[in-house]
K.L.:
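Before I ask anything, here is the structure I am working with.
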Amino acid sequence: MNDRLQRLYNIIKEKDLDGVILTDGYNIDYISGYKGHTGMLLVVNDTSYILTDSRYTEQASLEAKAFEIIDIGMDGYSKTVKRILEEKIEDSHTVSLGFEDKSISYTQYKALSDALGASVSLVELGDVVNKLRMIKSQDEIDLIAKAEAIGDEAFNHIINYIEVGMTEKQVALELEYVMKSLGADGLSFDTIVASGTNSSMPHAVPTDKAIEEGDFVTLDFGCIYKGYCSDMTRTVYMGDEINEKQLDIYNTVLYAQKAALKCIRPGVKCSDIDKIARDFIAEAGYGEYFGHGLGHGVGLYIHEEPRFSKSCDVILEPGMVLSVEPGIYLPGEFGVRIEDLIVVTNDGYENLANSPKVLILM
Ligand SMILES: [Mn+2]
């Protein structure tokens with residue numbers, strides 16, 4: 001049995017369950033290797049299954065070799081789960097089945113609980129399976145580093161490409177084209193290119209707006225390489241006459257990030273790292289303009305556990321990979337965000353992003 005499946009069995013044992021149903025496609029991939037993102041992972045007693053439909057059964061059997069692949073056919077998921085439970089569990093005790101309450105729709109949940117009836121109790125797993133993914137193996141770190149290196153190369157290209165008069169969409173397309181040309185399999189999220197007043201919206205969508213002299217341009221982008229995501233943000237300035245307020249905000253974001261980075265090492269609580277950057281920005285007078293968390297875990301999925309946020313009490317351990325991305329956003333004016341991706345090491349951290357962070361005047 002692979003180590004990851006063993007860790008799922010440990011959860012089943014610790015929680016005194018008869019089995020689990022996983023519905024989060026990334027967790028199913030992590031545990032089984034099946035990357036189809038359509039289906040269900042079911043463990044009952046000592047047997048593990050991937051349930052999916054005929055579009056994916058061949059893929060699942062190639063990728064999830066340790067699993068029995070079940071075609072749900074016309075029965076659908078709920079009836080198939082019920083049939084397997086009846087086959088596998090002979091005595092009449094109430095069956096406890098863990099399920100991923102954070103990644104199931106109400107309709108799916110209702111279909112499942114209706115089909116299984118009163119003899120099966122569905123137990124919420126919360127994010128206990130997601131947390132198995134927090135500490136990355138060296139192989140995973142290497143793939144994330146490669147994805148981030150593609151991002152660095154794309155940034156290096158784009159700063160020689162952007163010119164006043166180009167639209168945000170045009171720049172976003174170029175970033176995506178370059179990342180895919182460099183070997184990316186896909187994008188880890190929709191590329192953000194936000195210029196001028198648009199940059200005050202942290203998750204702005206690229207528009208047909210032309211980039212103008214005097215604009216900040218926030219570039220937030222990442223790619224997927226062999227299943228693993230990258231994420232980075234740089235903010236550049238169009239022109240060479242930056243005003244004092246713009247410069248002050250850029251430097252406040254940059255030094256807030258540096259202050260937080262300096263404290264990253266095993267044993268430190270995630271919320272304490274968030275607080276360092278947040279306090280720094282508040283002391284500079286921009287506290288109310290930094291609304292989001294400082295960072296998030298990155299791996300198979302772009303936003304995963306743990307988080308650099310006020311409420312995350314996870315203690316940093318070697319192998320965790322997180323973004324560090326403070327920002328200041330003045331509605332109707334402009335915004336600045338700078339984001340690196342780090343891996344926690346035995347005595348500190350390694351920055352996987354290598355693009356310059358000094359203000360680039362284009
Ligand atoms: Mn991010």
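All ligand and atom numbering here is 1-based and tracks the order in the structure. Everything quoted here is computed from the prediction, not taken from an experiment.
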K.L.:
What N/O/S atom of Asp231 is the closest to the Mn ion (ligand 1)?
P.N.:
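Closest N, O or S atom of Asp231 to the Mn ion (ligand 1): OD2.
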
K.L.:
Relative to each other, are the rings of His303 and His203 parallel, tilted or perpendicular (30° and 60° limits)?
P.N.:
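Answer is parallel, since the angle falls under 30°.
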
K.L.:
Closest N/O/S atom of Glu339 to the Mn ion (ligand 1), by atom name?
P.N.:
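Going by distance to the Mn ion (ligand 1), the closest N, O or S atom in Glu339 is OE2.
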
K.L.:
When you compare the side chains of Thr345 and Glu350, does any donor N or O come within less than 3.5 Å of an acceptor on the partner?
P.N.:
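Per modelled atom types, Thr345 and Glu350 side chains form no pair under 3.5 Å.
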
K.L.:
Does the shortest distance from the Mn ion (ligand 1) to an N/O/S atom of His296 fall below 2.8 Å?
P.N.:
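It does: His296 brings an N, O or S atom closer than 2.8 Å to the Mn ion (ligand 1).
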
K.L.:
Would a distance-only check, ignoring hydrogens and angles, find a side-chain to backbone donor-acceptor pair under 3.5 Å from Asp152 to Asn354?
P.N.:
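Side chain of Asp152 to backbone of Asn354: a pair is present.
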
K.L.:
Does the shortest distance from the Mn ion (ligand 1) to an N/O/S atom of Asp220 fall below 2.8 Å?
P.N.:
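No.
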
K.L.:
Quick one: sort the Phe155 and Phe221 rings into parallel, tilted or perpendicular, breaks at 30° and 60°.
P.N.:
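Ring orientation of Phe155 relative to Phe221: parallel.
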
K.L.:
In terms of the angle between their ring planes, are Phe216 and Tyr250 parallel, tilted or perpendicular, with boundaries placed at 30° and 60°?
P.N.:
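Taking Tyr250 first and then Phe216, their aromatic rings lie parallel (interplane angle under 30°).
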
K.L.:
So which N/O/S atom does Glu325 have closest to the Mn ion (ligand 1)?
P.N.:
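Looking at Glu325, the N, O or S atom with the least distance to the Mn ion (ligand 1) is OE2.
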
